[in-house]
Protein chains: 2
Amino acid sequence: MTQLRVDAQENRARIVDAARALFAEEGLAVGMREIARRADVGPATLYRRFPTKQDLIDVAFAEELQQCRRIVVEGCDDPDPWRGFSSVVHHLTVLNSQNRGFVAAFTAQDPDGEVRSTITRQRQELLPRLADLVRRAQKAGALRPDFTMDDLLLVLQAGRGLFSVRPTKAAARRFAEIVLDGLRAR
Amino acid sequence: MTQLRVDAQENRARIVDAARALFAEEGLAVGMREIARRADVGPATLYRRFPTKQDLIDVAFAEELQQCRRIVVEGCDDPDPWRGFSSVVHHLTVLNSQNRGFVAAFTAQDPDGEVRSTITRQRQELLPRLADLVRRAQKAGALRPDFTMDDLLLVLQAGRGLFSVRPTKAAARRFAEIVLDGLRAR
DNA sequence: GAATATCCGGACGCCCCCGTCCGTTACGGT
DNA sequence: ACCGTAACGGACGGGGGCGTCCGGATATTC
């Protein structure tokens, strides 16, 4: 791929924008057609740039992925492990609540092959870091000792349920607050 | 409607069973066709008995609705309001986790008319009771004073997110435990 | 064992999505 | 200004769900 023609670049950009918006609002289940319509582009153009929905997902969530990465890295670098941990939970919960598709994309296993989408790779890098953060927070006596990584995924997954009502940031923050109070060591 | 012919009764029963199973496993979005196939019945037969999906939902969730009602009533009758409250949260969370469709059906507003499905009526009866339980638990100093009914719905909605992973009872129980620890007054 | 009302399900027309093909448009280098 | 080619999108065949209709099958009644 040398260089796209400028009109093609514009179309590609509009497609990515549309996909971002629709994935965030409606989730990953939106049809390719709907994305194309929103981008004001024919179906063929969409498929030409992104033969697979996964290709589109990878590009559309690149920004969120960076954001996610920043949240985790910053949390892990915090000298106070509990503050780092609660910051991660808080921010990831809010991020989820603002983007219906992202957690789905982040959590989804890619079908049994070696496909290894960008997102999968990121996940594999971030999870061990989080596990370490959890360990440190527990050692510091701040995080309940029976906490496991499964619990973390549990909480993040639960955040997805918030979408059934209204994806208010306030609601997400409140939820994170309650959960974090439940996770603190007594 | 006088009395169904016995073969028709059998078919109706199989339809309800199929709907119950599919709603629980897949959610309310399952197609009428799929329900009919699972019940080993033609589409027309399904539509003859249940012209609307809501009709089918009402009948299919009758049992869960009773169960839900029992959970709430028993919780409200508990002389220890915190024990009652936590029992409600715990059991409703587990109930949710076992049934993808139920919370959706219970939460859904019926479209702006006076339709008033059975489920809607139940909800309108149970919510005030819960509000009272919340008030008593707070007065007893067991439930965090800033708790609101919105928080309760928030938590129950969040429970729906658990379905994205695996609807284990254990996971649901664990989630309820964490949340309840977060809701307890300090 | 017929007569009859009840009930069944295959089939229909409609709509929408899927991924692809190909005739047309318009960009960009000369 | 011209031309080669990248890029476009309407249209296609296939598949599936929707709610309904109607000719045939079956339970019930006498």
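Lettering of chains follows the sequences in order, A, B, ..., and the numbering in each one begins at 1. Values reported hereafter were calculated over all heavy atoms of this structure, with side chains retained and with hydrogens, waters and symmetry mates removed.
Computed from coordinates, the A:F50 CZ to C:dT20 P distance equals 16 Å when rounded to whole Å. For the pair B:L4 CG and C:dT6 P, the computed distance is 11 Å after rounding to whole Å. Atom CD of A:Q9 is separated from atom P of C:dG28 by 9 Å (rounded to the nearest Å). Atom pair A:R33:CZ and D:dC12:C1' shows a separation of 10 Å (rounding to whole Å applied). When the P atom of C:dC17 is taken as reference, atom CG of A:L46 falls 13 Å away, rounded to whole Å. Between B:D40 atom CG and C:dG10 atom P the separation is 9 Å, expressed in whole Å. Atom CG of A:N11 is separated from atom C1' of C:dC27 by 13 Å (rounded to the nearest Å). Here D:dT28 presents its P atom at 10 Å from CD of B:E10, a figure rounded to the nearest Å.
Shown here are the ring pair (Phe, Tyr, Trp, His ring centres under 6.0 Å) partners of B:F50, two or more places apart in sequence or in another chain: there are none.
Within the nucleic acid shown, A:A44 comes within 4.0 Å of at least one base atom, counting heavy atoms only. Residue contacts for A:R12: at a heavy-atom cut-off of 4.0 Å it reaches no nucleic acid atom on any strand shown.
Between A:A176 and A:H90, the shortest heavy-atom distance links the atoms CB-CA, 4.0 Å. Heavy-atom minimum distance, B:R129 versus B:V73: NH1-CG2, 4.0 Å. In terms of heavy atoms, B:V155 sits closest to B:F175 at O-CE2, 4.1 Å.
Dashed line: the shortest gap from a side-chain N or O of A:T45 to OP1 or OP2 of D:dA7 is not under 4.0 Å. When the side-chain nitrogen and oxygen atoms of A:R5 are compared with OP1 and OP2 of C:dG29, none of them lie within a distance under 4.0 Å.
For C:dG9, its base sits under 3.5 Å from the side chain of B:R48 at one donor and acceptor pair at least.
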